[in-house]
**Q** 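Below you will find the structure I want to go over with you.
Scope of the values below: all heavy atoms of this structure, side chains included, with no hydrogens, waters or symmetry mates.
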Amino acid sequence: MSCIDVNLTNYTGVREKKADSRKDRTAAEAQRADRTQTPEERKKAYEEMGIHAEKFIVDFSPDSQEFMSRVAERKAAQRAEQERLEAENPWSPFDYRGDLSKNEPTQYLVFSKFLYDEGFFHDMNDEQAGKMEDMLKNITAGMDSIRGPLDAGRWDNSMSHEAAKLDLYSSVNALNYFAETYVPEGMRDGFKALIKEYENYNSRLAENHRNSMDLYCESMKSISAPNATGISADVRQAQERTKAYQQIGRVTHSEQEEKELKEDYQALFDKLAGKEDSARNIFDSLQNLLVNYASGGSKNNMVISLLNANNAGSINKMFQYWSAMF
């Protein structure tokens with residue numbers, strides 16, 4: 001199955017679809033039949049409006065022909081530009097945003113619609129189907145929350161840059177665990193193809209995402225550190241906090257360090273999926289890895305405290321959606 005086959009038109013979730021399937025559709029079908037016009041009826045309606053399907057010839061002046069030629073050239077250039085943009089940013093079913101005013105997760109609908117079309121929910125009651133869909137919603141909600149510009153379109157700006165990258169790893173692993181645990185073998189390959197598309201689509205989001213603390217640390221890194229003397233304890237603490245923000249903003253990593261972090265993350269998710277340790281212990285280890293990486297291995301208590309506070313909420317959400325699958 002191609003990802004492009006997932007059509008979310010009029011699909012708002014399995015609960016609504018299952019409710020619709022229980023309704024008597026006879027009246028609706030009759031109404032649609034009444035509204036349908038034959039070609040002859042449509043032709044007659046147009047003729048009553050003065051529109052006749054007769055052949056006619058239009059002569060264009062040389063100036064008009066030249067103008068139309070230029071229009072055609074501009075349209076060709078626009079098509080070429082559109083094709084270039086589409087090649088650089090290929091369409092994905094996960095682009096679907098739904099009603100932006102509602103600030104709701106939507107990426108789960110791609111997985112839900114695929115499973116619905118495959119008959120995954122067919123023999124489930126509403127409670128069972130809702131539980132499955134809620135798992136998918138919670139697993140993908142973190143990536144939904146970071147879509148859109150910083151000042152609009154995001155319904156949760158709390159996730160840090162490093163937490164976003166970890167959440168992508170976590171959600172991909174969780175989706176694969178869902179596939180192996182709940183999705184029948186005959187549907188699994190198509191579901192996993194969607195997981196790959198989900199990962200490709202969200203990797204750009206996670207890489208470019210910054211929350212307010214990330215941006216503040218980056219903006220402060222080139223400013224001289226405060227070093228006033230003879231100050232009160234409160235001012236001294238504020239001074240140390242500013243230095244900690246600056247220290248975080250100056251941390252950089254090599255490609256090798258990034259690769260090693262990913263390997264460490266994956267090793268922990270493998271243990272989690274294999275139930276080799278408790279989810280709580282695994283996520284404590286994941287948070288320690290994230291904080292150590294984001295701090296550049298710092299032992300500064302203020303740095304560690306700030307990073308723990310910046311990431312604890314996101315880590316806990318990951319822990320919760322994993323726990324719901326066990």
Side-chain angles (χ1 to χ4, degrees), residues 103 141-171 202-262 264-265 268 279-322:
N103 289 331
M143 289 296 99
D144 273 304
S145 74
I146 64 173
R147 292 197 292 177
L150 186 62
D151 58 346
R154 297 183 188 174
W155 46 274
D156 181 2
N157 284 321
S158 64
M159 187 180 290
S160 73
H161 173 60
E162 292 301 333
K165 293 193 295 182
L166 174 56
D167 186 78
L168 177 57
Y169 262 84
S170 177
S171 60
N202 286 290
S203 61
R204 298 189 297 272
L205 296 176
E207 187 59 38
N208 295 325
H209 173 69
R210 302 289 188 278
N211 72 356
S212 57
M213 177 172 159
D214 294 324
L215 294 171
Y216 180 71
C217 290
E218 290 178 6
S219 68
M220 292 291 291
K221 65 183 181 183
S222 59
I223 298 174
S224 299
N227 195 29
T229 58
I231 53 179
S232 67
D234 289 343
V235 174
R236 187 179 303 108
Q237 185 178 33
Q239 183 172 276
E240 293 305 312
R241 181 182 293 269
T242 299
K243 290 180 180 178
Y245 284 129
Q246 292 174 322
Q247 183 177 330
I248 294 168
R250 295 183 183 118
V251 173
T252 59
H253 298 101
S254 66
E255 290 185 5
Q256 182 60 31
E257 288 173 329
E258 180 84 9
K259 178 182 176 182
E260 290 173 357
L261 178 68
K262 292 177 181 179
D264 290 341
Y265 281 164
L268 286 169
R280 183 70 274 167
N281 287 342
I282 294 290
F283 277 95
D284 285 345
S285 297
L286 286 166
Q287 180 160 347
N288 290 336
L289 275 175
L290 185 158
V291 169
N292 184 66
Y293 185 79
S295 71
S298 175
K299 303 301 181 184
N300 184 300
N301 290 333
M302 181 67 77
V303 168
I304 294 171
S305 176
L306 289 173
L307 288 171
N308 273 319
N310 195 33
N311 294 288
S314 297
I315 297 288
N316 191 52
K317 290 176 183 177
M318 298 175 217
F319 165 73
Q320 289 175 354
Y321 66 64
W322 270 97

**Q** Can you list everything that forms a side chain to side chain contact (heavy atoms under 4.5 Å, CB included) with Gln247? Sequence neighbours excluded, please.
**A** Ser298, Asn300, Val303

**Q** Out of curiosity, Met302 CE to Ile248 CD1, how far, rounded to the nearest 0.5 Å?
**A** 10.0 Å

**Q** Write down the atom of Glu218, the atom of Arg210, and the distance for their closest heavy-atom approach.
**A** OE2-NE, 3.0 Å

**Q** With a 3.5 Å distance limit and no angle check, can you tell me whether Asn308 reaches the backbone of Ile304 through a side-chain donor-acceptor pair?
**A** yes

**Q** Is it the case that the side chain of His161 and the backbone of His209 share a donor-acceptor pair, with hydrogens and angles ignored and the cut-off at 3.5 Å?
**A** yes

**Q** Could you tell me whether a side-chain N or O of Asn316 sits under 3.5 Å from a main-chain N or O of Ala312, the two making a donor and an acceptor?
**A** no

**Q** Do the side chain of Asn292 and the main chain of Asn288 share a donor and acceptor less than 3.5 angstrom apart?
**A** no

**Q** Under the 3.5 angstrom rule, does the side chain of Asp214 hit a backbone N or O of Ser160 as a donor-acceptor pair?
**A** no

**Q** If you define the side chain from C-beta out and look only at heavy atoms, does anything of Ser171 sit under 4.5 Å from Tyr321?
**A** yes

**Q** Would you mind listing every ring pair (Phe, Tyr, Trp, His ring centres under 6.0 Å) that reaches into residues 236-255, with sequence neighbours excluded?
**A** Tyr216-Tyr245, His253-Tyr293

**Q** Rounded to the nearest 0.5 Å, what separation is found between the CZ atom of Phe283 and the OG atom of Ser170?
**A** 4.5 Å

**Q** Quick check against the 3.5 Å criterion: does Asn310 have a side-chain atom that pairs as donor or acceptor with the backbone of Leu306?
**A** no

**Q** Could I get the full list of side chain to side chain contact (heavy atoms under 4.5 Å, CB included) partners for Asn281, not counting sequence neighbours?
**A** Asp277, Ser278

**Q** Glu257 side chain to Ser254 main-chain N or O, any donor-acceptor pair under 3.5 Å?
**A** yes

